[in-house]
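For reference, the structure is listed below as structure tokens.
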Amino acid sequence: MSTPLHVPAPGGLLQIADPKAGRGRPVGIDLGTTNSLVAVVEDGRPRCLPADEDGALLLPSVVRYRAGEAPLVGRRAREAAHLAPADTLASVKRFMGKGGDDAETRRLSTYRFAGGDGRTVRFLAGGRSVTPVETSAEILRALKRRAEAALSQRIEKAVVTVPAYFDDAQRQATKDAGRLAGLEVLRLLNEPTAAALAYGLDKGSQGTFAVYDLGGGTFDVSILELVGGIFQVKATGGDSALGGDDFDRAIAQALLAEMGAPSPAPPELVHACLVEARRAKEALTAAASVEVRIAIGAHRFDRALTRDEMDRWIAPLVERTAGPCRRALQDAGLAPGQLDGVILVGGSTRVPAVRAFVRRLFEREPLHDIDPDQVVALGAAVQADLLAGEGRRDDVLLLDVLPLSLGLETMGGVVEKIIPRNSSIPTSATQVFTTFADGQPAMDVHVVQGERELVADCRSLAQFRLRGIPPLPAGHARIAVTFQVDADGILEVTAREQSTGIEQTIAVKPSHGLTDEEVERMLLESIAHADEDVRRRMLAEARVEATRLAAATETAVADDGDLLAPAERAAIEAALARLKSAADLEALRGATAEVDQATQDFAHRRMDRAIQRALAGRRVDEV
């Protein structure tokens, strides 16, 4: 039976672009929070290209803005950061697709934020206002120039990787950065998937693997099945605001507290502590202790920092990765012992405490024989080669998944899920809906994202109106709504009235991003409130049915009230009054049944009258 769509008040999620042929050699780019890389396939093998003027493969994702001069990108920008920390932007990936009032803007940092409408983060740096998209474009532009110099040819196309848990706004912001840098983004590839692609092709791996990706600013976990050239993502999860930057902040905050720094601390002191915290963290991956020295103005601090101390400070952050991992395993229907391996990705997985945690969580020694800093870029290069039609491995099929369900609002504020989370993409689904009121000429299609049963608990993505519906009785119109999600995870919604062929299409365009807290909340609350949500949905549906029944009964009484005896009319009116005043599910169900019972004989007499009118003046052979 068709479901009546709600006609809501006027009301972003996913983005995508079809790969198109173009000039230039395709490359794979890992646009990282801390470091970025560019890679290419040569002779059937992926390799990272020098991204630094000194031949280093890693390009620090740091941009320094200087008044009247071109931005400085990479290692030189990072080394000069102490001269003007507020004009040096690092870790901007964490701000991609975020609004100006997002929690990320209130974390320990040296950033200065410009005012605005709250929908986009804006930094004040080098006497100008810049967005994370513009800063990321500078990093991509620098990678593009390095690749062109290394390959002695023009670069115009790239596959750019993103965290699997990046929402629609963050993905769109990444694509916008690529366009600003002069790159055609062939595809946005999830980082864990890129890593598995590199491992599968390079090592001939088969089986089911967990990819644990902890970078500088984001955390992802994906469960992938690698069989016969098919890389299928079974489940994914993560936290788009958790990574090595948070380790640095935890260490820096502990050091600031020890030295008795004022709150808020001067930007120069904050910067010095963050730099020393990062240096100590990296040194403690191999050493048991390291000397920490900070000398800024009147602040002098010198002490030995042990690995055990650091492990205690970052332990709550490492533990935060356990929840997404367990949920991903549950979504994939697997226990840790059923995995064939765990792949480590991201520079933060070099921290011994992280590796020990992964070993305990997944009950096995993780794989790290491909450099965790390079593996994502290598996988992106392979995918770029395949999308450009130049790869030799045309038997490879890559199936990614949606992190959250997509659906529509129906009458009563209920969500009708069209494509459930963890569905492989690209994908499409169609469902037929109908009208609620007689002669309804238009229908508002409200697209939502989330796991809860009611619209109020999900995120609104887009809304549009389908006009020109024929003036039919309620429930007779047929509107087919189709959701199409492409390989980048971008959504297109089409609504088509089947008798007239009238249709309306919208590509869902985000205006701002989901916070990591919102994404986690959507999944956690869908589990914690499952029983409550089902009951609330049943209540909403019962209210819709009660409204429909009351309206139909009142119309019938107005049209054929002469068929009713006074006692019958009084009984029907009393039943309708109880139906309209019913508040809970049981009362609604009882009152609905009472109205049905009270109107049964009346309905039979109305049917007899309708038949008599239809047969009046007609011969038997005509009937």
Side-chain angles (χ1 to χ4, degrees), residues 27 29-38 49-98 100 104-105 107 109-116 120-150 154-156 158 160-162 170 172-185 215-217 245 248 267-268 270-272 274-275 278 377:
V27 295
I29 293 178
D30 175 9
L31 182 60
T33 305
T34 306
N35 296 294
S36 297
L37 298 92
V38 58
L49 299 173
D52 189 274
E53 56 268 26
D54 295 328
L57 300 180
L58 298 178
L59 178 74
S61 301
V62 181
V63 180
R64 181 187 175 197
Y65 289 92
R66 300 168 293 177
E69 299 183 43
L72 195 62
V73 182
R75 180 179 55 80
R76 287 167 45 196
R78 187 175 65 186
E79 290 176 348
H82 67 283
L83 300 175
D87 295 330
T88 305
L89 303 182
S91 301
V92 294
K93 181 176 178 178
R94 300 185 66 150
F95 297 90
M96 295 288 275
K98 299 291 184 74
E104 191 68 27
T105 64
R107 295 176 185 257
S109 71
T110 59
Y111 303 121
R112 294 175 303 188
F113 296 97
T120 304
V121 173
R122 292 187 176 274
F123 303 103
L124 286 175
R128 71 185 85 172
S129 171
V130 295
T131 65
V133 169
E134 293 172 288
T135 304
S136 296
E138 294 292 348
I139 298 168
L140 291 172
R141 196 174 289 117
L143 291 170
K144 179 177 182 288
R145 286 196 299 265
R146 298 294 179 190
E148 288 176 335
R154 193 172 178 180
I155 301 296
E156 294 183 342
V160 180
T161 61
V162 292
Q170 293 166 306
Q172 188 63 56
T174 304
K175 290 196 72 173
D176 291 343
R179 185 164 58 252
L180 281 177
L183 288 168
E184 176 190 354
V185 179
D245 284 357
D248 299 342
E268 294 78 10
V270 170
H271 175 75
L274 287 170
V275 169
R278 182 173 62 246

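Across all non-hydrogen atoms, the minimal contact from A90 to V62 is CB-CG2, 3.9 Å. Contact between A125 and R112 at its shortest, heavy atoms only, is CA-NH2, 4.3 Å. Summarising the geometry of A150 relative to L49, their closest heavy-atom pair is CB-CD2, 4.4 Å, with the distance given to 0.1 Å. Here the closest heavy-atom approach between residue I139 and residue V73 is recorded as CA-CG1, 4.2 Å.
Under the side-chain hydrogen bond (donor to acceptor under 3.5 Å, both in side chains) criterion, T135 pairs with Y65, sequence neighbours left out. With sequence neighbours left out, the side-chain hydrogen bond (donor to acceptor under 3.5 Å, both in side chains) criterion links R128 to no other residue. Scanning for side chain to side chain contact (heavy atoms under 4.5 Å, CB included) contacts around N35 gives L58, P60, R78, with sequence neighbours left out. Applying the side chain to side chain contact (heavy atoms under 4.5 Å, CB included) test to S136 and every residue at least two apart in sequence or in another chain returns L31, V92, M96, A177. The side-chain hydrogen bond (donor to acceptor under 3.5 Å, both in side chains) search around S36 returns S61, not counting sequence neighbours. The side chain to side chain contact (heavy atoms under 4.5 Å, CB included) check on L72 picks up R64, R66, R76, A77, with sequence neighbours excluded. Every side chain to side chain contact (heavy atoms under 4.5 Å, CB included) that R145 has, sequence neighbours left out, goes to R141, A142. Qualifying salt bridge (charged side-chain N to carboxylate O under 4.0 Å, His left out) partners for E134, counting only residues two or more places apart in sequence or in other chains: none. Residues meeting the salt bridge (charged side-chain N to carboxylate O under 4.0 Å, His left out) test with R146, sequence neighbours left out: E53.
For the atom pair D176 CG and Q172 CD, the distance stands at 5.0 Å (nearest 0.5 Å). Here the CG atom belonging to L180 is positioned 7.5 Å from the OG1 atom belonging to T131, to the nearest 0.5 angstrom. Atom CZ of F95 sits about 10.5 Å away from atom OG1 of T33, to the nearest 0.5 Å. D30 contributes atom CG, which lies 5.5 Å from atom CG of L37 (distance to the nearest 0.5 angstrom). Taking CG from L83 and CD from E268, the interatomic distance works out to 11.0 Å, rounded to the nearest 0.5 Å.
Here the side chain of E148 pairs a donor or acceptor atom with the backbone of I155 at under 3.5 angstrom.
A salt bridge does not link D245 to R278: none of the charged nitrogens lies less than 4.0 Å from a carboxylate oxygen.
No side-chain heavy atom of L183 sits under 4.5 Å from any side-chain heavy atom of V160.
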